[in-house]
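A quick note: this is a predicted structure, and the numbers were derived from the prediction, not measured. Position 1 is the first residue of the sequence; numbering continues from there.
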Amino acid sequence: MKLRNQVAIVTGAARGIGREICLALAEDGATIVAVDLLADALEQTARRVREKDVPVMTLTVNVTDKNAVEAMRDTVLEKYGRIDILVNNAGITRDALMLTMTDEQWDAVLTVNLKAVFLCTRAVAQAMLRARSGRIVNLASVSGVMGNAGQANYAASKAGVIGFTKSVAKELAKRGILCNAVAPGFIATDMTDVLPDKVKETVRPLIPMQRFGTPAEVASVVRFLAGPESAYVTGQVIVVDGGLHM
């Protein structure tokens, strides 16, 4: 229980990768603050976390709203007195070819996938600075590393997360705060389930391991970066993609 008495905020915690991250950190004893807009699914995550016999708080928060994010931070600090881990996992897609992509599709993805990461990190880092300790893990994507046709907005947002992660790592390392990114490839989630079978069959042969990953396989890397074993790791992007990009 190496994270016992530590408090971890996980955004996008209602399902998929976010839920598995909550469960992985709970396995190590962390107190979980599960954040999302999907209240019913968020409660399902909380029930799974409680089975690990650790405290859990659920918060329905719009992470693109500065005031809501700061209220989230204040609520957690009032109840627990500390924030040790922040996992910025919330994200959306609005796929379209660049020439037909609307302003609304562009703005929505950049706001949720990038601006929210900035807002949450800025808010939580203030508490971590006072403690001179903390772990920030941002969910990027292999699309942000290598690009992807039909995902100019998503790839740009995730490339932005990578640049943001490296900058924050350089700014905060001397105060004991580590910041890293995890870049999943094709993972079997609700987001990829909606892809047409033709697309899935086109992608799968490009993956050396010949399969999509699982949310738990991504969560295990986040678990490492949030724990004591990663004490000398910061500013890194760990790609979890079965060898798609190497």
Side-chain angles (χ1 to χ4, degrees), residues 3 6-95 104-105 107-124 127 136-139 141 154 157-158 161 182 184 187-195 214-216 218-219 222-223 226:
L3 297 180
Q6 294 197 26
V7 177
I9 297 176
V10 182
T11 71
R15 56 190 182 186
I17 293 173
R19 178 178 292 176
E20 289 297 330
I21 290 170
C22 289
L23 296 174
L25 298 181
E27 285 278 359
D28 284 341
T31 295
I32 303 298
V33 180
V35 176
D36 209 300
L37 283 174
L38 303 174
D40 291 343
L42 197 59
E43 184 52 39
Q44 293 177 31
T45 296
R47 285 199 294 269
R48 295 280 304 279
V49 170
R50 291 188 189 103
E51 294 172 359
K52 309 292 184 184
D53 197 29
V54 298
V56 58
M57 172 195 289
T58 60
L59 294 174
T60 304
V61 180
N62 177 0
V63 290
T64 69
D65 182 302
K66 172 181 177 289
N67 292 330
V69 167
E70 292 179 352
M72 170 192 74
R73 174 202 60 202
D74 294 344
T75 298
V76 176
L77 290 175
E78 182 177 353
K79 183 171 179 63
Y80 297 117
R82 59 191 296 161
I83 300 171
D84 302 280
I85 300 162
L86 169 65
V87 182
N88 286 305
N89 170 70
I92 62 170
T93 56
R94 297 289 185 271
D95 293 352
E104 290 75 15
Q105 288 172 316
D107 291 342
V109 170
L110 268 291
T111 299
V112 174
N113 293 5
L114 184 55
K115 182 180 179 182
V117 174
F118 161 66
L119 292 176
C120 292
T121 302
R122 183 178 63 181
V124 169
I136 300 168
V137 184
N138 299 323
L139 270 291
S141 169
Y154 186 77
S157 71
K158 295 302 187 177
V161 167
V182 178
I187 306 299
T189 65
D190 292 339
M191 192 177 291
T192 56
D193 282 347
V194 301
L195 293 173
T214 68
V218 178
V222 175
R223 182 180 186 174

To the closest 0.5 Å, what do you measure between [atom1] ([X]) and [atom2] ([Y])?
X	Y	atom1	atom2	result
Asp84	Ile9	CG	CD1	10.0 Å
Asp36	Thr45	CG	OG1	7.5 Å
Gln105	Thr93	CD	OG1	10.0 Å
Thr11	Leu37	OG1	CG	10.5 Å
Ile85	Thr31	CD1	OG1	9.5 Å
Leu114	Leu119	CG	CG	9.5 Å

Could you check whether any side-chain heavy atom of [X] comes within less than 4.5 Å of a side-chain heavy atom of [Y], counting everything from C-beta outward?
X	Y	answer
Val124	Ile136	no
Ile92	Asn113	yes
Val33	Lys79	no
Leu25	Val87	yes
Ile21	Leu139	yes
Arg73	Ile83	yes
Asn138	Thr121	yes

Under the criterion side-chain contact (heavy atoms from CB on, under 4.5 Å), I'd like the reasoning laid out for Glu20 against Val218: C-alpha separation, chi angles, the key distance, then a yes or no. CA-CA 8 Å; Glu20 289 297 330; Val218 178; over 6 Å; no

Determine the minimum heavy-atom distance between [X] and [Y], stating which atoms define it.
X	Y	value
Arg82	Val76	O-CG1, 4.0 Å
Ile17	Pro184	CD1-CG, 4.4 Å
Val69	Cys120	CG1-CA, 3.8 Å
Val10	Cys22	CB-SG, 3.8 Å

Quick one, Val161 with Asn88, criterion side-chain contact (heavy atoms from CB on, under 4.5 Å). Give me CA distance, side-chain angles, the key distance, then yes/no. CA-CA 10 Å; Val161 167; Asn88 286 305; over 6 Å; no

For [Y], does its backbone N or O pair with a side-chain atom of [X] as donor and acceptor, under 3.5 Å?
X	Y	result
Asn89	Gly12	yes
Arg19	Ala13	no
Ser157	Tyr154	yes

Residues forming a side chain to side chain donor-acceptor pair (under 3.5 Å) with Lys66, sequence neighbours excluded: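 Side chain to side chain donor-acceptor pair (under 3.5 Å) list for Lys66, sorted by chain: Glu70.
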
Return all side-chain donor-acceptor pairs below 3.5 angstrom for residues 47-60, not counting sequence neighbours, or 'none' if the list is empty.
from	atom 1	to	atom 2	distance (Å)
Arg50	NH1	Glu43	OE2	2.9
Lys52	NZ	Glu27	OE2	2.6

